[in-house]
Amino acid sequence: MRIIRIALKDLSIRLRDRNTLLMMLFMPITLVAIIGFALGGVAGGGISTVEFLLVAPAEEEEHLFMENEGELLTGAAANLMSQIEMFDAEVATEEEARAAVGAGEKAGAILIPPGFLRAVFDTATVEVTVLRDPVSRIKAGIVQSLAERLATYASAGGVAGRGVFDAIEAERELTDSERWKLGGWMFQWMSERWREPAIGIESSDVEEDEINVYAYFMPAFAVLFLLFTTVASGKSIHEERESGTYERLMTAPVSRTTFIAGKLAGSYLLATVQILVLIGLGTLLFRIGWGTNPLAVVVMAVVTAAGASSLGLLVASFTRTARQTDSIGTAFVLVMSLLGGSMWPVEQAPPAFQSVARFTFNYWAHSGFKKLAFADAGLAGISQEIGIVLAMSAVFFALSVALLSRR
Amino acid sequence: MRKIIHITVLYLGVLRSDKSAFFWLLAMPIVFTFVTGFVYPSGGGRSGPVRYALTVVNLDEGGRGAELLAAVEEADEIDLLLLEEPGADSTAIALVDDGDRSAALIIPADYSAKIGGGAQATIKFHRNPERMNPLVTREAVERVLSRLNAEAMVVAGAREAYAELWGEPTEEKAAELTGRARSFVADAWERPPVTVSAETVGRTLEERLPPGGYSHSSPAMALMWVLLNGLMASSFLVSERREKTLMRLFTAPVRRSEIIVGNLAWRFVVGLVQMWFLIGFGALVFGVDWGDSPTALLLVTVTYIAAVAGLSVLIGSTTRTSRQAESLSLILSLSMCALGGLWWPLEITPKAYQTVGHLIPTGWAMDAMHNLVGRGYTLAEVAPQAAALAGFAVIFTVAATLTFRHE
């Protein structure tokens with residue numbers, strides 16, 4: 001009963017404090033909104049256009065089909081590319097392209113070399129050069145990737161066309177009329193075949209525009225700010241001692257164990273309120289779907305709150321003052337969140353780094369929510385996460401008790 | 001002037017007694033620079049191919065599946081993990097769904113039979129929707145398929161072209177055509193008709209790039225931590241006001257303006273020392289090349305830190321409690337980091353986001369750093385960014401002066 005009273009008193013004090021509410025709710029929601037605004041485009045919702053240039057080959061020594069075929073090809077390619085929402089391609093000279101890319105006005109430029117068509121239709125080889133903006137980390141890569149894809153398709157088309165001619169002409173040299181006939185037939189036949197190639201690929205993944213970037217970052221930041229809250233709760237143990245209220249409390253029939261248990265229960269209640277409100281706000285503001293099993297979401301939330309409050313207690317148990325708890329606790333939370341993927345997608349990291357992430361509380365708590373939001377995993381699907389977070393919670397609690405009992 | 005120096009030194013002495021200050025000013029920025037630089041790819045080109053794990057299951061009952069497997073294994077972007085145990089397809093899908101693997105490729109049992117029979121064979125690509133890496137692996141698989149489809153097209157095309165010209169080939173002739181076509185394709189892919197090479201324009205040449213993404217993370221984290229620490233120092237002013245030490249200072253023969261300048265100056269000195277320590281550390285340990293103009297770098301850092309110092313005093317003057325100042329500082333600094341392109345490059349964000357990013361100092365500071373590090377801009381070339389930062393410094397300082405109060 002006394003434990004509950006201490007817990008409710010703490011909860012009431014913290015919930016009446018505007019600064020606490022600011023940190024618990026406003027801060028994570030603001031950051032998630034900013035991230036959604038910034039990265040929503042990456043997942044299909046309106047990335048700023050990739051602006052690049054196409055450079056026609058310098059004067060051809062000899063043309064394959066017609067004069068200025070390089071320029072015509074480049075112009076047609078630019079038009080075709082610009083029809084894709086993501087791209088804005090313009091034709092330029094190499095000098096203009098170098099100046100624009102060097103100044104960061106364009107992410108990149110694709111230089112079509114002389115003899116490009118001859119390479120595709122005849123026997124030559126050419127190298128397409130991609131100019132990259134030195135400070136562009138993403139868009140220049142997209143331009144290069146586009147050029148590589150086009151090169152592969154052009155090569156594949158060229159190899160296919162030339163291969164057929166080569167196999168037939170090995171029989172005997174074709175007459176001009178046979179060549180024209182074969183050329184016409186090939187064009188039609190290849191257009192049909194490209195539509196249904198020999199090997200197709202069936203993707204079971206979600207289309208890009210269905211990915212809700214908020215569903216990734218909302219639980220990530222919820223866990224991060226949950227830890228800030230529980231560290232602050234842990235800090236209040238020292239604050240009570242430093243302000244003398246602990247001594248006063250000890251004159252009442254309250255044991256030290258009751259006091260600590262009450263503090264932990266208060267921290268747990270506050271953390272549970274915080275995570276459930278953040279999940280609710282995520283659903284309302286960012287339309288995050290947490291799957292079809294609400295029970296699984298609630299279980300994951302209460303388990304995460306338990307782990308976070310135990311961790312907050314652990315930080316308080318190895319620090320000696322409120323200031324120390326604040327400083328060391330904040331640093332600990334930031335580093336663990338950085339390593340555990342609360343600040344960026346840990347899946348992008350090298351494998352060794354991902355292994356390190358698995359030792360953090362953030363990784364497993366975040367993983368449980370991600371599985372619910374992205375894969376509708378249900379209670380059974382997140383049993384591993386629940387088990388690990390509970391185990392971590394038990395370890396943190398046991399360590400805290402051991403440390404506090406030595407004081 | 002002497003009094004201002006005296007006040008500045010006085011404040012710096014107080015800061016020196018705070019042991020945790022050095023940890024927050026120097027150690028934390030280094031940890032964040034290391035992690036973010038290690039995780040993200042290089043800033044101006046590719047520091048080497050990034051290989052992503054792709055789980056592959058080959059259920060094919062013929063021999064063509066192995067050919068596909070070998071071709072996929074050769075792709076630079078793919079680190080192939082083959083599953084061969086019974087029920088491997090279900091295992092692979094479960095591994096992806098559970099988040100243990102990013103993507104799986106399953107070659108069906110009838111793969112060879114369908115290709116041999118002239119029908120389309122479909123391979124299955126299963127992706128974890130919460131991850132972005134599989135987009136790269138799927139593109140690499142598609143490139144491999146383009147080559148194989150070209151080969152299949154040559155084989156089928158040679159037979160059908162023969163039939164078109166001279167009637168249906170005998171079985172013997174068909175086999176001869178197939179062999180010839182395959183041999184042509186194998187030779188052709190030895191030297192693909194169209195290849196791609198990349199050239200980074202500007203001063204950031206491939207060989208001069210630091211390992212990993214430190215060319216972005218080092219300046220970004222330096223800007224972030226100077227801002228974060230600078231703004232958090234606002235609570236110091238509030239504490240002084242509440243503890244009446246500021247009022248005591250006003251009773252001394254010191255002018256109000258001298259106290260304000262002293263408050264700005266110590267923040268400026270700390271910021272400058274921190275910034276240049278991180279710049280030096282970045283150069284020596286992370287191998288960051290900070291550009292061709294130290295003067296330009298100095299101008300950018302000085303104007304940025306002046307803006308941060310002004311904003312810090314402004315927050316300290318307009319908030320009533322230390323906690324309020326800390327909360328506001330945290331919200332402002334983290335939001336400004338996110339909006340200014342310190343956490344991710346502004347290039348991937350929508351245009352509106354980029355506009356917002358340039359309404360605050362961080363957007364201009366990051367632009368300037370990119371121009372210095374990536375493009376080797378001179379003093380005159382970064383003048384627009386430095387002018388914008390100086391403008392922010394003036395606005396914040398004037399506002400801080402107008403709102404500064406000692407009680």
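Reminder, nothing fancy here: chain letters follow the sequence lines and each chain counts from 1. As a basis for the values below, the full set of heavy atoms in this structure was taken, side chains included, without hydrogen atoms, waters or symmetry mates. A quick note: this is a predicted structure, and the numbers were derived from the prediction, not measured.
Between chain A and the options B:Gly357, B:Ala119, B:Ser335, B:Ala161, the largest number of non-hydrogen pairs under 4.5 Å is found for B:Ala161. Per-residue counts of heavy-atom pairs under 4.5 Å with chain B were compared for A:Val143, A:Thr20, A:Ile328; the largest is that of A:Thr20. Ranked by heavy-atom pairs under 4.5 Å with chain B, the list A:Gly157, A:Ala151, A:Gly161 is led by A:Ala151. Counting heavy-atom pairs under 4.5 Å between each of B:Ile93, B:Val356, B:Leu145, B:Ile106 and chain A puts B:Leu145 at the top. Taking chain B as the reference chain and counting heavy-atom pairs below 4.5 Å, the highest number among A:Phe165, A:Trp185, A:Phe26 is found for A:Trp185. Ranked by heavy-atom pairs under 4.5 Å with chain A, the first of B:Thr122, B:Ile123, B:Leu68 is B:Ile123. With respect to chain B, the highest number of heavy-atom pairs below 4.5 Å among A:Arg18, A:Glu178, A:Met190, A:Met23 belongs to A:Glu178. With chain A as partner, the option from B:Gly341, B:Ser327, B:Ala152 having the largest number of non-hydrogen pairs under 4.5 angstrom is B:Ser327. Top candidate by heavy-atom pairs under 4.5 Å with chain B, chosen from A:Thr30, A:Asp17, A:Ile201, is A:Ile201. Put simply, of B:Lys173, B:Glu381, B:Lys114, B:Glu139, the one with the most heavy-atom pairs under 4.5 Å next to chain A is B:Glu139. Counting heavy-atom pairs closer than 4.5 Å to chain A, the top-ranked of the candidates B:Pro193, B:Ala188, B:Ala150, B:Ala121 is B:Pro193. The most heavy-atom pairs under 4.5 Å with chain B, out of A:Ala377, A:Ala373, A:Ala154, A:Ala170, come from A:Ala170.
The contact between B:Met28 and chain A is made entirely by side chain atoms (from C-beta outward), counting heavy-atom distances below 4.5 Å. Contacts between B:Ile115 and chain A at a heavy-atom distance below 4.5 Å involve the side chain alone, from C-beta outward. In this structure, the portion of A:Leu339 lying under 4.5 Å from any heavy atom of chain B is its side chain and not its backbone. A:Gln324 does not touch chain B: none of its heavy atoms, backbone or side chain, sits under 4.5 Å away. Within the 4.5 angstrom heavy-atom criterion, no atom of A:Ser177 approaches chain B. When heavy atoms are compared at a cutoff of 4.5 Å, B:Thr321 approaches chain A solely by way of its side chain, counted from C-beta outward. Contact annotation for B:Val155: neither backbone nor side-chain heavy atoms come within less than 4.5 Å of a heavy atom of chain A. Both the backbone and the side chain of B:Phe32 come within contact range of chain A, each with at least one heavy atom under 4.5 Å from a heavy atom of that chain. With a 4.5 Å cut-off on non-hydrogen atoms, A:Leu174 touches chain B through its side chain but not through its backbone. Neither the backbone nor the side chain of A:Ala215 comes within less than 4.5 Å of any heavy atom of chain B. With a threshold of 4.5 angstrom between heavy atoms, B:Ala27 does not approach chain A through any atom at all. Heavy atoms closer than 4.5 Å to chain B are found in the side chain of A:Leu31, but not in its backbone.
Looking only at distances, a side-chain donor or acceptor of A:Lys139 sits under 3.5 Å from a matching main-chain atom of B:Glu347. For the pair A:Glu127 (side chain) and B:Ser197 (backbone), a donor-acceptor distance under 3.5 Å is absent.
Atom NE2 in B:His126 sits 10.5 Å away from atom OG in A:Ser203 (nearest 0.5 Å). Between B:Phe184 atom CZ and A:Arg162 atom CZ the span is 5.0 Å, to the nearest 0.5 Å. Considering CD1 of A:Ile199 and CD of B:Glu142, their distance stands at 12.5 Å, rounded to 0.5 Å. Atom CZ of B:Arg143 is separated from atom OH of A:Tyr153 by 9.0 Å, given to the nearest 0.5 angstrom.
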Q.
I'd like to know whether B:Arg180 forms a salt bridge (charged side-chain N to carboxylate O under 4.0 Å, His left out) with A:Glu171, so could you lay out the CA-CA distance, the side-chain angles of the two residues, the decisive distance to 0.1 Å, and finally the verdict.
A. CA-CA 10 Å; B:Arg180 213 181 282 155; A:Glu171 288 295 312; 3.0 Å; yes

**Q.** side chain to side chain contact (heavy atoms under 4.5 Å, CB included) between B:Thr195 and A:Val128, worked out
**A.** CA-CA 6 Å; B:Thr195 52; A:Val128 170; over 6 Å; no

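Counting non-hydrogen atoms of other residues, nucleotides and ligands closer than 6.0 Å to CZ of B:Arg159 gives a total of 12 or fewer.
In this pair, B:Phe38 and A:Phe353 present their aromatic rings tilted. The plane angle is within the 30 to 60° band.
In this view, B:Leu328 and B:Ile315, B:Thr319, B:Leu332 satisfy the side chain to side chain contact (heavy atoms under 4.5 Å, CB included) rule, not counting sequence neighbours.
For the residue pair B:Trp189/A:Ser155, the side-chain donor-acceptor check at 3.5 Å is not satisfied. Side chain to side chain, A:Thr129 and B:Glu199 fail the donor-acceptor criterion of an N or O pair below 3.5 Å.
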